[in-house]
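Structure, as structure tokens:
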Number of protein chains: 2
Amino acid sequence: MTVTIREVAKAAGVSITTVSRALNGYSDVNLDTKRKVLEVAERLNYRPSQVARSLVMKRTRTIGLLISDFNREPGGQYFMFDVLAGIHERLAAVGYDLTLVSTTTAQQRLVSYLDLCTEKRFDGVIVMGIRLDDPYVHEVVEAPLPSVVIDLPLISKHCAYVMTDNVNGSRFAVRHLLERGHRKIGFVNGHQQAAVSQERRRGYEDALRVQKIPYEEDWVYNADFTLQGGIRGLKELLERHKDMTAVYFASDLMAIGALRYCREQGIQVPGDLAIVGFDNIDLTQFVSPTVSTIAQPRYEMGTTATDLLIGMLDDNRLGEGRMLSPELIVRETS
Amino acid sequence: MTVTIREVAKAAGVSITTVSRALNGYSDVNLDTKRKVLEVAERLNYRPSQVARSLVMKRTRTIGLLISDFNREPGGQYFMFDVLAGIHERLAAVGYDLTLVSTTTAQQRLVSYLDLCTEKRFDGVIVMGIRLDDPYVHEVVEAPLPSVVIDLPLISKHCAYVMTDNVNGSRFAVRHLLERGHRKIGFVNGHQQAAVSQERRRGYEDALRVQKIPYEEDWVYNADFTLQGGIRGLKELLERHKDMTAVYFASDLMAIGALRYCREQGIQVPGDLAIVGFDNIDLTQFVSPTVSTIAQPRYEMGTTATDLLIGMLDDNRLGEGRMLSPELIVRETS
DNA sequence: CTGTTAGCGCTTTCAT
DNA sequence: ATGAAAGCGCTAACAG
């Protein structure tokens with residue numbers, strides 16, 4: 001069916017070695033033979049099998065993308081899609097393939113994700129959406145397989161990470177509210193299994209401390225990044241603190257939920273209550289009022305992760321951490 | 001480095017043939033030998049190379065996902081992500097891998113997309129986001145490689161397709177407006193390189209005809225699915241027809257653009273002008289007023305496409321077309 | 001500059 | 001029930 005290197009060799013009247021060399025651009029091939037080989041290969045419509053090549057080269061030029069939960073919870077997808085676009089674009093540029101692997105696959109097969117990657121002979125993996133309490137976090141870090149983790153500060157010889165500087169992101173948000181004159185600022189955080197949640201809380205704390213405002217637990221509500229979580233968080237904080245004039249949410253989705261609640265309750269935003277979110281999802285520009293937020297460079301996170309991985313693969317560099325800068329975007333809610 | 005079948009064989013004191021058979025669950029293996037082999041394989045942490053297996057089996061159990069333009073134009077991503085999730089989920093269930101290929105990769109490598117798939121030895125491909133004027137449309141249909149195209153009614157022995165029933169979707173939208181009493185209904189369509197655009201126009205036409213309302217060209221504006229396109233379309237149609245009371249947009253994004261324009265111009269929606277979109281993207285529920293729309297079963301499009309492909313691959317069925325039903329969702333704009 | 005030879009790690013006849 | 005041998009399509013010493 002498919003034409004192999006052997007047939008090209010025969011048709012060109014040379015050995016398969018010569019064909020291989022000619023096609024792979026080695027210099028020690030007579031120019032005429034080379035031309036001949038290329039011409040024949042073209043004519044026979046020869047396409048070298050990457051499978052065969054992978055077997056002998058012991059490299060597949062394929063990267064696995066491990067997505068912890070390829071769920072379609074609103075919000076999560078925006079983040080993932082852009083990161084994915086970044087990864088894919090950069091990978092294509094350097095000639096690597098990307099294969100999607102969801103951990104659910106591994107679960108149903110009862111093999112660890114790492115075994116799965118071994119069977120597929122991935123050259124490296126990028127991990128996205130992993131949680132602090134995921135059982136295979138350590139597997140990733142300790143494995144000899146080069147990996148890059150997104151949004152979790154794991155680092156080792158073969159494991160790099162990339163994340164947004166969430167501490168600073170939070171600082172920007174809270175500092176901005178402080179500059180607007182707010183002093184009673186609540187914080188609705190994401191769930192505690194996300195590494196970013198710890199960092200965002202820290203930034204909130206830091207920003208307050210700079211202004212000598214003591215950090216107090218009961219100004220913080222731990223929700224879960226979702227719309228409903230935002231509503232719950234706002235409700236709870238409002239009950240605890242009648243004098244609260246601003247709330248910072250660890251996700252735009254929560255902020256938008258809060259916005260919805262405010263409308264129902266007749267709370268003016270930003271008049272009665274200022275709001276800042278996190279992520280800069282598209283929605284923030286479409287709701288009314290538009291939502292102030294902290295932008296993460298999602299696409300760039302993807303390209304950066306890829307660069308780190310390729311660095312380990314092709315230039316055998318060691319794992320390192322890369323922190324990307326967030327950006328404050330002021331809109332109507334603050 | 002990695003342990004091979006040979007080492008398992010040696011450690012178990014049998015031939016590699018026996019190991020292969022034991023591991024792949026053949027029945028003609030003595031139960032004791034089998035147990036022994038499995039035990040040794042487990043102990044040595046043996047992971048069979050799918051690369052080697054693919055080479056000899058001539059099947060990679062890998063599907064290529066061809067995305068015509070992995071761009072991040074707002075709107076397109078929502079559609080793609082959900083379809084992708086559906087494909088991925090179903091593929092994982094039947095033990096196939098999914099590899100992303102963007103056509104830009106092919107372009108930069110100066111090989112046709114089909115050659116690329118041949119080199120990678122995909123068992124099949126799913127094509128998404130292809131346009132009518134894409135040069136390789138025919139390549140897909142005529143290739144011996146099993147394929148499924150999303151949103152383009154291409155069919156052949158090895159090529160199936162899945163799309164939403166766009167004609168009916170449009171009918172639903174326009175009929176709904178007619179039922180609301182509208183008679184002067186404009187239509188802002190997507191770009192003409194999308195197959196869905198033709199169908200959506202047809203549905204618009206049909207629905208009017210049923211009510212004996214003549215279809216006239218100047219009530220239709222061909223835009224491009226984008227926010228700005230929606231604004232341009234609405235402007236133009238309003239200029240042409242002062243008496244227009246409703247507009248149907250071929251995408252939610254355009255409808256939302258229109259909504260924005262209406263707010264600027266003080267046009268009441270739905271009071272002065274009723275609006276219906278298409279796609280049911282998340283945004284429709286978040287903007288104010290919320291947007292009436294035609295929902296496409298995006299996730300299901302992914303799973304269906306996968307089922308069709310697997311059918312061709314594993315049960316060697318022929319290419320067929322599958323039409324999925326859209327659904328009218330009435331919200332505040334109509 | 002080119003060909004011979006030996007694998008990469010697996011599956012699969014074909015004997016035994 | 002098991003093993004020997006061939007071979008999937010390619011690359012890479014090593015000679016010449």
Side-chain angles (χ1 to χ4, degrees), chain A residues 1-38 40-41 44-62 95 97 115-123, chain B residues 1-38 40-41 44-62 95 97 115-123:
Chain A
M1 191 64 220
T2 52
V3 27
T4 76
I5 197 175
R6 183 160 273 107
E7 311 174 42
V8 177
K10 197 179 299 175
V14 296
S15 74
I16 60 171
T17 313
T18 303
V19 176
S20 177
R21 277 192 287 237
L23 259 34
N24 290 314
Y26 280 54
S27 55
D28 57 350
V29 182
N30 180 293
L31 212 65
D32 283 337
T33 1
K34 179 169 181 174
R35 253 198 291 273
K36 174 78 180 171
V37 169
L38 290 177
V40 171
L44 296 185
N45 201 25
Y46 168 67
R47 301 296 151 200
S49 161
Q50 291 195 8
V51 175
R53 177 179 296 180
S54 292
L55 181 60
V56 52
M57 307 258 283
K58 291 170 171 300
R59 302 170 62 244
T60 53
R61 286 196 88 81
T62 299
D97 283 344
D115 292 341
L116 220 149
C117 294
T118 308
E119 292 192 1
K120 301 195 192 308
R121 299 299 195 261
F122 290 143
D123 290 345
Chain B
M1 193 62 222
T2 51
V3 26
T4 76
I5 197 175
R6 182 161 273 105
E7 309 172 45
V8 177
K10 197 179 301 175
V14 296
S15 72
I16 60 171
T17 313
T18 303
V19 175
S20 177
R21 278 193 285 239
L23 258 36
N24 291 315
Y26 280 55
S27 55
D28 57 348
V29 181
N30 181 292
L31 211 66
D32 283 338
T33 350
K34 180 169 179 171
R35 253 197 291 273
K36 175 79 181 173
V37 169
L38 290 177
V40 172
L44 297 186
N45 200 27
Y46 168 67
R47 300 296 150 201
S49 162
Q50 292 193 6
V51 176
R53 176 178 299 185
S54 293
L55 180 61
V56 53
M57 306 258 281
K58 292 170 173 295
R59 302 173 60 246
T60 53
R61 287 197 86 82
T62 299
D97 282 343
D115 292 341
L116 221 148
C117 294
T118 309
E119 291 192 1
K120 302 197 193 309
R121 299 299 193 259
F122 291 142
D123 290 344

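Everything quoted here is computed from the prediction, not taken from an experiment.
Checking dG9(D), dG3(D), dC10(C) against every side-chain atom of S15(B), the shortest atom distance belongs to dG3(D). When distances are taken from the side chain of D28(B) to each of dC8(D), dT2(C), dA1(D), the shortest belongs to dA1(D). For M57(B), whose side chain is taken as the heavy atoms from C-beta onward, the closest listed nucleotide among dG9(C), dT11(C), dC10(C) is dT11(C). Closest to the side chain of T2(B), out of dC10(D), dG9(C), dT2(D), is dG9(C). The I16(A) side chain lies nearest to dT11(D) when the options are dC1(C), dA1(D), dT11(D).
For dG3(C), its base sits under 3.5 Å from the side chain of R21(A) at one donor and acceptor pair at least. At a cut-off of 3.5 angstrom, counting only N and O atoms as typed in the model, there is no donor on one side facing an acceptor on the other between the side-chain of T17(B) and the base of dT11(C).
Nucleic acid contact class of V14(B) (heavy atoms, under 4.0 Å, all strands): sugar-phosphate only. Heavy atoms of S54(A) sit nowhere under 4.0 angstrom from any nucleic acid atom.
Taking atom CD of residue E119(B) and atom P of nucleotide dG9(D), one finds them 15 Å apart after rounding to whole Å. K120(B) has its NZ atom 15 Å from the P atom of dC10(D), to the nearest Å.
In terms of phosphate contacts, R53(B) brings a side-chain nitrogen or oxygen within less than 4.0 Å of OP1 or OP2 of dT11(C). The phosphate of dC10(D) has neither OP1 nor OP2 within less than 4.0 Å of any side-chain N or O from S20(A). Dashed line: the shortest gap from a side-chain N or O of Y26(B) to OP1 or OP2 of dT12(C) is under 4.0 Å. Here K58(A) reaches the OP1 or OP2 of dG9(C): one of its side-chain N or O atoms lies under 4.0 Å away.
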